[in-house]
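Note that this is a predicted model, so its numbers are computed, not measured.
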Amino acid sequence: MSKTLVLVEDEILLLETMQDILAEYGYQVVCFRTFEDFIFRFEECKADLIMTDLNLPGENGVELILQIRQKDPLIPIIMISGNKTTQNEVQAIQSGANDFVGKPVDFSVLVAKIESLLKQKTLLQWSDIQVDPPKRIVYNDRGAGKLTITEFSIFTQLLKRKGQLVQRATLAKDLQGKSLDVHVHSLRRKIKSLGLTIQTQKGKGYRLDK
């Protein structure tokens with residue numbers, strides 16, 4: 001099934017060009033020219049990924065991202081701008097964008113970023129388990145767990161290979177001694193209410209199970 005991308009862009013020529021090129025890659029592209037046009041139809045779009053220009057009529061792209069994140073903390077967002085400065089890129093990321101692309105758009109780079117973000121989103125999905133990366137919260141209808149930075153890193157690595165053994169060396173990275181075991185113990189406690197367990201294979205690693 002083709003993925004649905006939303007593009008919010010007021011430059012009609014660029015909007016039409018991006019729509020045509022991304023369609024050639026097999027994506028369904030839904031286009032909007034203003035902040036207001038899109039935000040009121042956010043729910044019905046059922047987008048898999050959103051791209052927005054920084055400078056839009058009325059409210060700008062940063063404000064749009066902030067409002068999107070209030071509605072959906074997980075959907076991948078790419079900011080697009082002809083003014084690709086460090087300040088603009090930092091502002092976009094801090095507001096909740098996952099990536100930043102400058103104009104003129106290099107479509108090979110854009111498509112690579114889209115594919116990477118869509119793959120990452122898929123890897124962090126498992127049954128009813130929901131993940132909020134900016135807040136480091138894991139939740140479902142049974143409960144929620146607020147994780148530390150280290151716990152979240154360990155959890156996402158386990159989640160990406162759910163049901164498979166992940167080596168201690170992969171999980172430990174910069175951790176020293178038995179520090180990994182301490183973090184895993186704390187993580188186990190926080191995700192227990194969600195119906196998740198972390199199995200230990202002594203001396204080798206851990207596996208996330210339901």
Tell me whether the count of non-hydrogen atoms from other residues, nucleotides or ligands lying under 6.0 Å of [atom1] in [X] goes above 12.
| X | atom1 | result |
| --- | --- | --- |
| Lys210 | NZ | yes |
| Glu44 | CD | yes |
| Ile149 | CD1 | no |

To the nearest 0.5 Å, what is the distance between [atom1] ([X]) and [atom2] ([Y])?
| X | Y | atom1 | atom2 | answer |
| --- | --- | --- | --- | --- |
| Gln67 | Lys71 | CD | NZ | 7.0 Å |
| Leu22 | Phe107 | CG | CZ | 6.5 Å |
| Gln201 | Arg168 | CD | CZ | 12.0 Å |
| Leu187 | Thr148 | CG | OG1 | 8.0 Å |

Test salt bridge (charged side-chain N to carboxylate O under 4.0 Å, His left out) applied to Lys103 and Asp53, step by step: CA-CA 10 Å; Lys103 298 178 183 178; Asp53 190 8; 3.2 Å; yes
Looking at [X] and [Y], would you say the former's side chain and the latter's main chain have a donor-acceptor pair under 3.5 Å?
| X | Y | answer |
| --- | --- | --- |
| Arg69 | Ile75 | yes |
| Asn60 | Glu63 | yes |
| Ser95 | Gln91 | yes |
| Ser127 | Ile129 | no |
| Asn88 | Asn83 | yes |
| Glu59 | Phe35 | no |
| Arg207 | Gln164 | no |

side-chain contact (heavy atoms from CB on, under 4.5 Å) with Leu208: which of Ile191, Thr197, Val166?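 Passing option: Ile191.
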Run through Leu64, Asn98, Ile68 and flag the one making a side-chain contact (heavy atoms from CB on, under 4.5 Å) with Ile50.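 Among the candidates, only Ile68 passes.
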Indicate whether the side chain of [X] and that of [Y] have a donor and an acceptor atom separated by less than 3.5 Å.
| X | Y | answer |
| --- | --- | --- |
| Asp106 | Ser108 | yes |
| Ser153 | Arg136 | no |
| Gln157 | Thr170 | no |

Side chains of [X] and [Y]: does their closest heavy-atom pair fall under 4.5 Å?
| X | Y | result |
| --- | --- | --- |
| Ile80 | Val105 | yes |
| Leu56 | Thr34 | no |
| Leu117 | Ile78 | yes |

Applying salt bridge (charged side-chain N to carboxylate O under 4.0 Å, His left out), run through Arg33 and Glu9 and close with a yes or a no. CA-CA 5 Å; Arg33 295 191 63 189; Glu9 171 61 64; over 6 Å; no
Test side chain to side chain contact (heavy atoms under 4.5 Å, CB included) on Tyr206 and Leu180 and set out the steps. CA-CA 11 Å; Tyr206 297 94; Leu180 174 61; 4.0 Å; yes
Atom of Leu194, atom of Ala144 and distance for their closest heavy-atom approach: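 In this case the closest contact between Leu194 and Ala144 is CD1-N, 4.0 Å.
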Tell me, with the steps shown, if Asp48 and Tyr27 meet side chain to side chain contact (heavy atoms under 4.5 Å, CB included). CA-CA 10 Å; Asp48 294 293; Tyr27 295 112; over 6 Å; no
